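These figures come from a predicted structure and were not determined experimentally.
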Protein chains: 2
Amino acid sequence: MTAEDVARRAGVSRSAVSRTFTEGASVSEATRLRVLKAASALGYRVNRLAQRLGRERSSLVGVLASNLSTPYMATHLDALSQALLQQNLQCLLINAVDGDSNVSRLIDLILEFRVRAIVVISVTPPSAIIRECVANGVPIVLVNRLTENAHADTIVTDDAGGARLAAERLIKAGCRRPVIVSSATASQMRRVEAATAAFSKAGVDPILWSRGPSRYETGSQAARELLAAHDVDGAFCVTDLLALGFIDTARVAGRRVPEDISVVGFHDTPQASWLSYRLTTIRQPVDDLIGAIMRALQRKPGPRKPLKTVLPLELVERETVRKR
Amino acid sequence: MTAEDVARRAGVSRSAVSRTFTEGASVSEATRLRVLKAASALGYRVNRLAQRLGRERSSLVGVLASNLSTPYMATHLDALSQALLQQNLQCLLINAVDGDSNVSRLIDLILEFRVRAIVVISVTPPSAIIRECVANGVPIVLVNRLTENAHADTIVTDDAGGARLAAERLIKAGCRRPVIVSSATASQMRRVEAATAAFSKAGVDPILWSRGPSRYETGSQAARELLAAHDVDGAFCVTDLLALGFIDTARVAGRRVPEDISVVGFHDTPQASWLSYRLTTIRQPVDDLIGAIMRALQRKPGPRKPLKTVLPLELVERETVRKR
DNA sequence: CTGTTAGCGCTTTCAG
DNA sequence: CTGAAAGCGCTAACAG
């Protein structure tokens with residue numbers, strides 16, 4: 001079913017058909033109706049590929065993500081894909097497997113679809129490919145990736161500030177022998193550094209533990225190793241998932257949270273508020289994040305100053321830090 | 001940058017360019033190299049839209065989902081999108097908001113992209129639109145949606161069988177006053193029915209509770225209401241999320257799981273194995289599910305018998321059912 | 001193996 | 001407001 005078929009059946013030209021399906025084109029109500037009728041009779045529907053082939057901006061947005069099953073990423077993707085749909089944008093999802101071998105190739109793949117823009121979550125593309133996107137007129141927005149690249153739009157949450165909040169809370173609770181557990185990704189290391197600095201400033205010297213992927217089991221392993229070897233009274237886990245694993249195995253080992261060990265997480269995923277945990281954590285403002293992304297996508301095409309947004313984080317106080 | 005530009009620079013015809021980028025086309029190594037060189041110098045990349053516009057099958061697969069942030073859906077989507085990428089298929093993701101107003105419109109939207117196939121998870125499209133897909137030569141595969149429609153490929157897990165397993169386990173544990181908690185979606189109701197039947201067969205008459213969305217909070221609410229009103233000794237929650245919420249608030253209310261109440265979930269999401277829960281549940285074989293989907297996508301085009309797959313489920317025994 | 005020649009389905013000037 | 005005509009970038013038959 002092509003526009004031609006519809007035109008023939010409606011007894012008009014194919015331009016007329018095109019026009020009735022084009023927002024704000026000039027067609028008389030009469031022909032519009034005839035076309036519409038013919039179209040629905042024939043089950044015609046615009047071919048977006050051919051449509052895009054002409055000049056118009058595509059409605060496809062490439063989304064490069066990874067670790068989708070993680071509560072944190074899942075929440076993000078959910079919100080993002082809903083927002084995209086609402087703006088009449090379609091989401092071309094590429095799920096990089098965790099040890100993102102060649103991100104460049106994946107972005108390249110996305111570019112082949114002549115997308116309107118690319119949103120990158122949870123992986124870091126090399127600077128060269130970013131430049132290439134921009135050269136191709138495809139804005140690229142990096143979420144929570146710090147990059148030196150001056151071309152990409154970047155939206156980051158204030159990881160350092162959040163980590164500081166976490167460390168300070170622990171200090172205020174009287175922790176003198178804290179651990180910081182992370183799984184060594186770039187954005188996690190930023191949190192580790194900032195927390196370490198905050199602890200130092202208060203004269204306490206945290207033990208650093210950093211290993212493996214960002215999973216519940218990793219937090220679990222951290223607790224097993226750390227509690228056996230050290231006399232720990234507080235933990236900043238740079239991810240809720242890590243924190244939950246940590247808490248559970250600490251409890252299995254007979255430690256009480258928060259009485260014996262205070263724990264602070266990061267993200268405020270849904271699980272953090274579950275009654276078994278009531279985790280004190282740092283809230284990522286998902287809605288603001290998505291809002292910023294959408295704003296970046298809405299910008300007019302053409303050469304523009306890249307957008308640099310940083311979102312503040314806040315502590316959400318629940319029950320895994322000792323009161324005093 | 002078009003194939004034409006590359007051709008000019010390499011001093012060949014545009015067909016030569018096309019051929020070097022087509023798997024298994026006949027080009028001499030010499031021209032292939034020259035084209036490749038010119039292409040990379042120019043930063044050329046195939047335009048998939050135009051490519052598809054010709055005859056060839058698209059590599060786009062439409063995925064219609066919803067509730068992406070739910071651990072269960074997140075796990076699925078993660079696996080599915082990885083599998084697609086691995087097969088060189090791209091994923092056009094449409095996230096229907098929960099109360100899926102007009103699924104038809106969304107499928108229609110997907111169809112506009114001339115996808116190779118559509119995979120539907122977690123919403124149920126009307127029969128009419130399914131027929132339309134098939135009429136358009138776009139196979140549609142329905143995951144865990146029972147439908148009378150004879151055209152769609154369907155892949156379902158044996159919900160009834162799984163529910164029976166759950167009920168039988170509870171009976172074996174000696175539960176005489178069980179509840180079944182669900183949140184009233186179609187596939188959940190199938191589980192409710194099968195479990196009810198299994199209980200009846202053993203001469204026990206379960207209390208049915210069915211309300212709200214499939215969330216942790218719903219399970220929590222169920223526990224609050226049911227435990228206040230009835231003397232419950234077992235619960236089959238038709239979703240892990242429901243089960244987890246149920247367990248947590250049961251414990252807050254002073255009931256011990258499994259000593260006072262045995263609980264069985266459904267799905268075996270990652271959280272089910274967390275140490276705070278160790279939930280006995282029914283395992284959904286995600287890999288098999290994905291495997292079946294991919295198999296459906298791989299099928300040759302053209303008129304074919306729809307594929308009907310049903311996957312068996314199994315009980316995974318952990319620690320929320322009383323031993324005896 | 002290679003170039004030439006038609007399209008694929010749609011949008012968009014440009015005249016009428 | 002409407003139709004005719006010229007592409008958009010690519011692939012595929014068809015001769016050489």
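- Side-chain polar atoms of Ser69(B) and Thr75(A) form no donor-acceptor pair below 3.5 angstrom.
- A salt bridge does not link Glu112(B) to Arg45(A): none of the charged nitrogens lies less than 4.0 Å from a carboxylate oxygen.
- Residues from residues 104-115 of chain B that place a heavy atom under 4.0 Å from any atom of DNA chain D: there are none.
- Of the residues in residues 15-38 of chain A, those placing a heavy atom less than 4.0 Å from an atom of DNA chain D are Ser15(A), Ala16(A), Arg19(A), Ser26(A), Val27(A), Ser28(A), Thr31(A), in numerical order.
- Thr2(B) has no side-chain polar atom (N or O) that falls below the 4.0 Å cut-off from OP1 or OP2 of dG9(D).
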query: Does the side chain to side chain contact (heavy atoms under 4.5 Å, CB included) test come out yes or no for Thr124(A) and Val103(A), once each step is laid out?
result: CA-CA 7 Å; Thr124(A) 306; Val103(A) 178; over 6 Å; no
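- Note that CD of Gln86(B) and CE of Met294(B) are 8.0 Å apart. Values are rounded to the nearest 0.5 Å.
- Residue-environment remark: NZ (Lys308(A)) exceeds the threshold of 12 foreign heavy atoms within 6.0 Å.
- Contacts classified as ring pair (Phe, Tyr, Trp, His ring centres under 6.0 Å) and involving residues 18-68 of chain A (residues at least two apart or in different chains) are given here: Phe21(A)-Tyr44(A).
- Applying a 4.0 Å cut-off to non-hydrogen atoms, none of the residues of residues 39-52 of chain A approaches DNA chain D.
- Within the model, atoms CG of Asn102(A) and CG of Asp108(A) stand 10.0 Å from one another, a figure rounded to the nearest 0.5 Å.
- Atom C1' of nucleotide dC10(D) and atom CE of Met1(B) are separated by 16 Å, given to the nearest angstrom.
- Straight-line distance from the CG atom of Leu53(B) to the P atom of dG7(D): 17 Å, rounded to whole Å.
- With Val143(B) as reference, Leu289(B) is the one residue of Ile290(B), Leu289(B), Leu64(B) to meet the side chain to side chain contact (heavy atoms under 4.5 Å, CB included) rule.
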Worked verdict on Ser81(A) versus Leu93(B) for side chain to side chain contact (heavy atoms under 4.5 Å, CB included): CA-CA 8 Å; Ser81(A) 54; Leu93(B) 174 67; 4.1 Å; yes
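- Among residues two or more places apart in sequence or in another chain, the ring pair (Phe, Tyr, Trp, His ring centres under 6.0 Å) test is passed with Tyr72(B) by His76(B), His267(B).
- The nucleotide range of DNA chain C contacted by chain B, defined by atoms under 4.0 angstrom from heavy atoms of the protein and reported 5' to 3', is dC1(C) to dG9(C).
- Judged by distance alone, with hydrogens and angles left aside, the side-chain atoms of Asp78(B) form no donor-acceptor pair with the main-chain N or O of Ala74(B) at under 3.5 Å.
- Side chains of Ser58(A) and Arg114(A): a donor-acceptor N/O pair is absent below 3.5 angstrom, by distance only.
- Using a distance-only test at 3.5 Å, with no hydrogens or angles considered, a donor-acceptor pair links the side chain of Arg34(B) to the main chain of Ala10(B).
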